*Asks:* 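One structure coming up, written as structure tokens, with questions to follow.
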Number of protein chains: 2
Amino acid sequence: MPTDTFYNLNEQKQQRIFDAAIQEFSKRRFSEASINQIVKAAGISRGSFYQYFKDKGDLYLYILQEIGNEKRKVMKQVKALHPNADFFTFYLQYIKVAMEWISTNPAYHEIGMLMEFDDPQLMKELMHRSDDLTDIRELLELDQRRGLIKEELDTGLLLEMIYQLSLHLVKKFYQTGSTEEFVKKHHELILILKDGIVNKSERS
Amino acid sequence: MPTDTFYNLNEQKQQRIFDAAIQEFSKRRFSEASINQIVKAAGISRGSFYQYFKDKGDLYLYILQEIGNEKRKVMKQVKALHPNADFFTFYLQYIKVAMEWISTNPAYHEIGMLMEFDDPQLMKELMHRSDDLTDIRELLELDQRRGLIKEELDTGLLLEMIYQLSLHLVKKFYQTGSTEEFVKKHHELILILKDGIVNKSERS
DNA sequence: TTGTCATATGACAGGGTTGTCATTTTGGGT
DNA sequence: ACCCAAAATGACAACCCTGTCATATGACAA
């Protein structure tokens, strides 16, 4: 919720401020980001900043919202392209598109990563992730009704597992930067989730 | 690597400093922890601190090392008690003991949690976790050789998955504090990992 | 031209941090 | 009782941050 004053600014200036914020928030996590750096990069005075935003958190929420809007736009397209896919198909597609989007917006991605390393309570208030997962949850439940997934399993837990594992792989990718490895691991991961790790032929 | 001066201190004083450090590092993550707070709590002067430790990181490494020693001691006992257990049995036992240890040392646990929310690169240099996982990795590989686990699976990935999922549950436990839920989820998680999520009776 | 209102500015106060260093204290050995 | 090295001290410099506020600027209207 920036002030009216901010929205009255010409687009160029708004963009300059947005870019400066992206730059800073992709370098340092929220709690360590410096307004000083942002105003310097944006070429505005410290005083002006406080005329546009209540404080650092206000700006942060603003850029998260903007990023979220862009992301949602991209993701809706995937959903439209695969209307009847089962969970596994959709998931791999989703991952693929997400990776492409990430590689065109590395800074956005860095911000997301840094959020993982900041005060969870602070970050929780930003609820950013629930949106992402809604589609996947629905698909899981649909597949369960379809009889593709064991009905006794708690989709909530499945969702948590998938999210966590995926997040872990994204983090690793972020550090090593190897896309092949990333995709390969995702496939292996899905295989394990699908069929388990126990060797049936030796069992009982 | 504290200085000789530090080790020359009587045990009481060393302990006071250790306790003060634990207190601070369990409240704020490393990058936000304040030496001022630590010296105040330990009842020593700021100057003395720098006579004992090179800097904040030096102290941090010291306490991590101390905690690691204690933890390793506890864990070795579990291993000795279940010499021939398969992975699943050992894992649940391991989790149980780890939880007990955690509940008697909440502050240590908090420090571990906060580490998850600090600069990964900084934290990586502390390699703390590889130790923990060695036992589990060996057990996984043994079970694979025994024919209990599908031989085509990459134990490295399995280990990653298990570690990440477990860490996630620990984090949740840390926030909600519900032990029952924690144990229950762990059991469900293992079931999924063992047999997968696909409904076989409907398949192919 | 002058008035006025939105906007821009940066100095400032108040708070925090780290690492150093000249000085004082302490306590063991003689 | 004295000496001296080791240890303790806290004031200090240097740096960082945030949020405010009196003042300056600029643009548009009358």
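The analysis underlying the following values was restricted to heavy atoms, covering all of them including side chains, and did not include hydrogens, waters or symmetry mates. Just so we're on the same page: letters track the sequence lines, and every chain starts at 1. Keep in mind it's a predicted model, so treat the numbers as computed, not measured.
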*Asks:* Would you indicate what B:Y52 reaches in the nucleic acid, counting non-hydrogen atoms under 4.0 angstrom: base, sugar-phosphate, or nothing?
*Replies:* sugar-phosphate
*Asks:* Using the six-membered ring wherever Trp is involved, compare the ring planes of A:F173 and A:H109 and label them parallel, tilted or perpendicular (cut-offs 30° and 60°).
*Replies:* tilted
*Asks:* Nearest-Å distance, CZ (B:F53) to C1' (C:dT20)?
*Replies:* 18 Å
*Asks:* Indicate whether any N or O donor in one side chain lies under 3.5 Å from an N or O acceptor in the other, for B:S31 and A:E32.
*Replies:* yes
*Asks:* As a test of your reading of the structure, name each stem of DNA chain D as range with range, where a stem is three or more consecutive Watson-Crick or G-U pairs at under 3.5 Å.
*Replies:* C:1-30 with D:1-30
*Asks:* So does B:F87 get a backbone contact from the side chain of B:D143, meaning a donor-acceptor N/O pair under 3.5 Å?
*Replies:* yes
*Asks:* Within the side chain of A:S103, is there an N or O that forms a donor-acceptor pair under 3.5 Å with the backbone of A:E100?
*Replies:* yes
*Asks:* So what does A:S34 touch, heavy atoms closer than 4.0 Å: a base, only the sugar-phosphate, or nothing?
*Replies:* sugar-phosphate
*Asks:* Looking at B:Q51, is its backbone amide N or carbonyl O close enough to the side chain of B:T3 to form a donor-acceptor pair, meaning the two atoms are under 3.5 Å apart?
*Replies:* yes
*Asks:* When all nucleic acid strands are considered with a 4.0 Å heavy-atom cut-off, which category describes B:E32: base, sugar-phosphate, or nothing?
*Replies:* nothing
*Asks:* In this structure, how many angstroms lie between the P atom of C:dT23 and the OH atom of B:Y50, rounded?
*Replies:* 22 Å
*Asks:* Locate the shortest heavy-atom distance separating A:L114 from A:K27; write the atom from each residue and the value.
*Replies:* CD1-C, 3.9 Å
*Asks:* What is the 5' to 3' range of DNA chain D, first to last nucleotide, that sits under 4.0 Å from any heavy atom of chain B?
*Replies:* D:dA7 to D:dG10
*Asks:* Applying a 4.0 Å non-hydrogen cut-off, can you work out what A:N8 is touching in the nucleic acid: base, sugar-phosphate, or nothing?
*Replies:* sugar-phosphate
*Asks:* Any cation-pi pair here, B:K172 with B:F182, using under 6.0 Å and within 45°?
*Replies:* no
*Asks:* Taking the cut-offs as 6.0 angstrom to the six-membered ring centre and 45 degrees off its axis, would you call B:K71 and B:Y108 a cation-pi pair?
*Replies:* no
*Asks:* Nearest whole Å is fine: how far is C:dT20 P from B:F49 CZ?
*Replies:* 12 Å
*Asks:* Checking all strands, does B:K54 fall into the base, sugar-phosphate, or nothing category for heavy-atom contacts under 4.0 angstrom?
*Replies:* nothing
*Asks:* Do B:Q14 and B:N10 pair up side chain to side chain, a donor and an acceptor below 3.5 Å, judged on atom types alone?
*Replies:* no
*Asks:* Specify the separation, in whole Å, of atom CD of B:Q51 and atom P of C:dC21.
*Replies:* 13 Å
